[in-house]
There are 2 protein chains.
Amino acid sequence: MREKQSIEAMSQFLKALSDSTRLEIIRRIQGKEHCVCEFVEMFDISQPAISRHLKVLKTAEVILERRDRQWIYYRLNEAHPQYGIVLQILKGLESEPALSPACGC
Amino acid sequence: MREKQSIEAMSQFLKALSDSTRLEIIRRIQGKEHCVCEFVEMFDISQPAISRHLKVLKTAEVILERRDRQWIYYRLNEAHPQYGIVLQILKGLESEPALSPACGC
DNA sequence: AATGCATATAATCATTTCGTTATATACTAT
DNA sequence: ATAGTATATAACGAAATGATTATATGCATT
């Protein structure tokens with residue numbers, strides 16, 4: 001059963017994306033790569049926390065890194081097999097209306 | 001800033017989907033609604049565990065429920081504002097190759 | 001009303017996640 | 001070599017997650 005594996009991989013991939021900070025990171029990263037220090041300025045969490053979020057995204061191969069001297073730049077991995085999902089999410093972020101609580105019917 | 005809210009909502013939505021059991025549920029639910037007892041047979045976890053997974057998906061409005069006598073049937077909510085993401089995920093599940101560990105370059 | 005089946009909720013526990021502070025590593029410049 | 005800046009890792013704690021067992025609820029049948 002390769003389905004099991006596929007489901008597991010997808011779950012891991014989505015977990016990497018299902019965090020506000022990481023969503024904001026990939027939103028900002030669209031079109032232009034950013035170095036870690038830019039994210040550190042952008043968020044109200046510590047530099048190590050940012051670093052770990054970037055590592056989660058990198059491990060899931062959602063983003064790629066490039067070193068230039070002392071700086072490390074991150075960009076979207078447009079070659080990811082599930083890049084279509086990333087795009088759909090980014091599109092959804094542009095104008096998502098607030099979700100109302102489930103009515104359940 | 002409504003972006004904050006949008007990001008938070010998206011994060012919640014993705015969290016609901018980023019679990020193997022719940023992905024399997026929505027995969028099976030495609031096209032045909034299922035009652036809870038069918039999921040209970042399908043998975044190796046307890047009935048209360050299934051029930052809670054269904055509740056997570058229902059709260060996120062990913063699925064809708066319908067009661068028929070003692071049975072409760074669940075189906076995909078095709079009217080969800082982010083249904084496009086659900087479709088993209090289901091598509092990705094059909095033939096996703098295993099992800100190799102990140103090379104990091 | 002009593003019993004049985006389908007489903008949900010509560011209480012509890014182990015594991016994972018995400019933050020912090022402290023420290024290590026990599027590169028730059030003096 | 002030393003010091004400074006950029007980034008990563010380690011150690012730890014609080015909160016969230018996902019499982020279990022026990023129990024409650026809703027509906028059907030006798």
Side-chain angles (χ1 to χ4, degrees), chain A residues 4 7-26 28-29 33-60 62-75 101-105, chain B residues 4 7-26 28-29 33-60 62-75 101-105:
Chain A
K4 269 277 174 49
I7 292 239
E8 188 54 41
M10 179 65 76
S11 145
Q12 283 305 117
F13 174 72
L14 292 174
K15 270 193 225 302
L17 292 167
S18 57
D19 172 273
S20 300
T21 302
R22 294 194 290 270
L23 282 177
E24 184 68 38
I25 286 175
I26 68 162
R28 301 282 191 128
I29 227 175
E33 63 180 10
H34 284 65
C35 70
V36 182
C37 59
E38 292 180 279
F39 295 122
V40 171
E41 280 186 21
M42 178 178 311
F43 295 100
D44 276 345
I45 59 180
S46 65
Q47 174 269 317
I50 296 288
S51 194
R52 298 191 86 252
H53 280 302
L54 289 168
K55 183 169 193 177
V56 169
L57 289 170
K58 193 179 68 178
T59 299
V62 174
I63 61 177
L64 299 174
E65 70 178 9
R66 171 179 77 85
R67 178 182 275 276
D68 179 9
R69 310 184 191 189
Q70 50 216 298
W71 298 281
I72 298 180
Y73 291 92
Y74 288 94
R75 66 187 185 281
C103 79
C105 314
Chain B
K4 268 276 176 49
I7 292 238
E8 188 54 41
M10 179 64 77
S11 148
Q12 283 305 117
F13 174 73
L14 292 174
K15 270 193 225 301
L17 292 167
S18 58
D19 172 272
S20 300
T21 302
R22 294 196 289 271
L23 282 176
E24 185 67 39
I25 286 174
I26 67 162
R28 302 280 191 129
I29 225 176
E33 63 180 11
H34 284 65
C35 70
V36 181
C37 58
E38 291 179 280
F39 295 123
V40 171
E41 280 186 24
M42 178 180 309
F43 295 100
D44 276 344
I45 58 179
S46 65
Q47 174 268 317
I50 298 286
S51 193
R52 297 193 85 253
H53 280 303
L54 288 168
K55 184 169 191 174
V56 170
L57 289 170
K58 194 179 69 178
T59 301
V62 174
I63 62 178
L64 299 174
E65 72 179 5
R66 169 180 78 85
R67 177 181 276 277
D68 179 8
R69 310 185 190 188
Q70 46 214 297
W71 298 280
I72 298 180
Y73 292 92
Y74 288 94
R75 65 186 185 282
C103 76
C105 318

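Convention: sequence-line order gives letters A, B, ...; per-chain numbering from 1.
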To the nearest angstrom, how far is [X] atom [atom1] from [N] atom [atom2]?
X: A/Leu14; N: C/dT17; atom1: CG; atom2: P; result: 14 Å
X: A/Gln70; N: D/dA3; atom1: CD; atom2: P; result: 18 Å
X: A/Leu54; N: D/dT7; atom1: CG; atom2: P; result: 9 Å
X: A/Glu41; N: D/dT5; atom1: CD; atom2: C1'; result: 14 Å
X: B/Asp19; N: C/dT15; atom1: CG; atom2: C1'; result: 14 Å
X: A/Arg69; N: C/dA26; atom1: CZ; atom2: P; result: 19 Å
X: B/Phe39; N: C/dA8; atom1: CZ; atom2: P; result: 11 Å
X: B/Ile25; N: D/dG18; atom1: CD1; atom2: C1'; result: 13 Å

| said: With a 3.5 Å cut-off and heavy atoms only, can you find an N or O donor on one side and an acceptor on the other between the side chain of B/Gln47 and the base of C/dA6? | reply: no
| Along DNA chain C (nearest heavy atom to each residue), the more 5'-positioned of A/Arg67 and A/Lys15 | A/Lys15
| query | Looking at CD1 of B/Ile7 and CG of A/Leu23, how far apart are the two atoms once the value is rounded to the nearest 0.5 Å? | reply | 5.5 Å
| Distance in Å, B/Leu54 CG paired with B/Cys35 SG, rounded so as to fall on 0.5 Å steps | 10.5 Å
Candidate nucleotides [options], ranked by approach to the side chain of [X] - the nearest:
X: B/Arg52; options: C/dT9, D/dT9, D/dG4; answer: C/dT9
X: A/Ile45; options: C/dG19, D/dA8, D/dC27; answer: C/dG19
X: A/Pro48; options: D/dA8, C/dC18, C/dT9; answer: D/dA8
X: B/Ala49; options: C/dT7, D/dA8, D/dA19; answer: D/dA19
X: A/Ile72; options: D/dA22, D/dT7, C/dC27; answer: D/dT7

Hey, does the side chain of [X] come within less than 4.0 Å of [N]'s phosphate (OP1/OP2), counting only N and O?
X: B/Arg22; N: D/dG18; result: yes
X: A/His53; N: C/dG19; result: yes
X: A/Tyr73; N: D/dA6; result: no
X: B/Ser46; N: D/dT20; result: yes
X: B/Lys55; N: C/dT9; result: yes

| task | Could you tell me whether B/Lys15 atom NZ has more than 12 heavy atoms of other residues or ligands within 6.0 Å of it? | result | yes
| query | Which pair of non-hydrogen atoms, one from A/Cys37 and one from A/Trp71, has the smallest distance, and what is that distance? | reply | SG-CD1, 4.3 Å
| query | Got a donor-acceptor contact below 3.5 angstrom from the B/Thr59 side chain to the B/Lys55 backbone? | reply | yes
| message | At 4.0 Å (heavy atoms only), tell me whether A/Tyr74 reaches a base, stays on the sugar-phosphate, or touches nothing. | response | sugar-phosphate
| query | Should A/Thr21 and A/Phe39 count as side-chain neighbours, where that means a heavy-atom distance under 4.5 Å? | reply | no
| field | Residue mapping more 5' on DNA chain D - nearest nucleotide basis, B/Gln12 or B/Asp68 | value | B/Gln12
